[in-house]
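Below: the structure, in structure tokens.
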Amino acid sequence: AQTVTQSQPEMSVQEAETVTLSCTYDTSESDYYLFWYKQPPSRQMILVIRQEAYKQQNATENRFSVNFQKAAKSFSLKISDSQLGDAAMYFCAYRIVQGAQKLVFGQGTRLTINP
Amino acid sequence: DAGITQSPRHKVTETGTPVTLRCHQTENHRYMYWYRQDPGHGLRLIHYSYGVKDTDKGEVSDGYSVSRSKTEDFLLTLESATSSQTSVYFCGTGVPGNTIYFGEGSWLTVV
């Protein structure tokens with residue numbers, strides 16, 4: 001069974017600084033997708049960024065980028081120029097391509113932005 | 001984002017009563033999912049559907065049933081609610097090989 005692990009329950013960063021959230025996953029599949037979702041206090045699940053496993057290039061969305069290491073099964077999220085609005089729970093998730101294409105989540109990392 | 005509406009958004013119910021949560025989507029997505037979110041566990045899959053009348057169990061399906069009689073609606077039923085089912089429930093939808101989008105969540109308290 002696929003598992004996703006986020007080893008940092010909580011992280012904090014100074015406003016305008018850079019922070020990296022860690023995620024590792026376990027799978028025997030070669031084709032899959034990886035996601036980072038943001039959950040602010042409203043509890044809405046907001047897609048931050050996605051990565052296709054077959055792509056070697058790391059995905060980037062404005063201030064958000066990932067470091068995808070397929071062999072190491074690692075998928076970290078880097079937030080540059082942190083803003084107060086980035087404060088949230090961040091979930092790493094994995095989606096298999098075959099079958100039911102279920103989304104498997106990590107336990108989450110709570111990110112605090114210090115002004 | 002997929003147009004996903006969950007109802008009710010908040011509900012308080014008594015132990016032993018049946019409860020049905022509804023997820024409605026407007027994007028004609030094939031896949032629909034029900035997750036629950038509890039502290040320390042992230043989101044865990046309860047049931048999912050890969051088409052009308054096609055459903056299957058997730059990792060925490062005990063005490064829950066689902067139905068999907070049309071593409072746009074996916075119902076989650078707690079046959080006899082227990083306090084352990086107090087949680088926030090999220091509906092997700094998606095198409096093969098793409099992002100799964102989520103509704104705003106349904107807060108359920110079982111007293």
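So that the names make sense, note that chain A is the first sequence line, chain B the second, and so on, each numbered from 1.
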| field | Contact class of B:Leu43 relative to chain A, heavy atoms under 4.5 angstrom | value | both

| Is A:Arg110 atom CZ crowded by more than 12 heavy atoms from other residues, nucleotides or ligands, each under 6.0 Å away? | no

| Single-linkage hydrophobic cluster B:Leu21~B:Met32, side-chain heavy atoms < 4.5 angstrom | yes

| remark: Of all heavy-atom pairs linking B:Thr99 and A:Phe35, the shortest is OG1-CE2, 3.6 Å

| request: Could you tell me whether the side chain of A:Met45 reaches within less than 4.5 Å of the side chain of B:Glu104, counting heavy atoms only? | output: no

| field | Partner of A:Phe105 under ring-ring contact (aromatic ring centres under 6.0 Å, His included), chosen from B:Tyr35, B:Phe90, B:Tyr33 | value | B:Tyr35

| Are B:Ile46 and B:Ile100 connected in a single hydrophobic cluster, I mean Ile/Leu/Val/Met/Phe/Trp/Tyr linked by side-chain heavy atoms less than 4.5 Å apart? | no

| Cluster link B:Val60 to B:Leu45, ILVMFWY, side chain under 4.5 Å | no

| said: Quick check: is A:Phe64 connected to A:Phe68 through a chain of hydrophobic side chains (ILVMFWY, heavy atoms under 4.5 Å apart)? | reply: yes

| task | Can you measure from OH (B:Tyr101) to OH (A:Tyr37) and round to the nearest 0.5 angstrom? | result | 7.5 Å

| query | Quick one: of A:Met89, A:Glu52, A:Lys102, A:Gln107, who has the most non-hydrogen atom pairs under 4.5 Å with chain B? | reply | A:Lys102

| note | If one checks every heavy atom of A:Arg43 against chain B at 4.5 Å, the contacting part turns out to be both

| field | Joint hydrophobic cluster, A:Leu84 plus A:Leu21, side-chain heavy atoms closer than 4.5 Å | value | yes

| Is a donor on one side and an acceptor on the other found under 3.5 Å between the side chain of B:Tyr50 and the backbone of A:Gln101? | no

| task | Step by step, work out the side chain to side chain contact (heavy atoms under 4.5 Å, CB included) result for A:Gln39 and B:Phe102. | result | CA-CA 11 Å; A:Gln39 188 180 50; B:Phe102 290 91; over 6 Å; no

| note | Bottom line for A:Leu103: the part with an atom under 4.5 Å from chain B's heavy atoms is both

| query | Considering residues, nucleotides and ligands other than A:Lys78, do more than 12 of their heavy atoms fall under 6.0 Å from its NZ? | reply | no

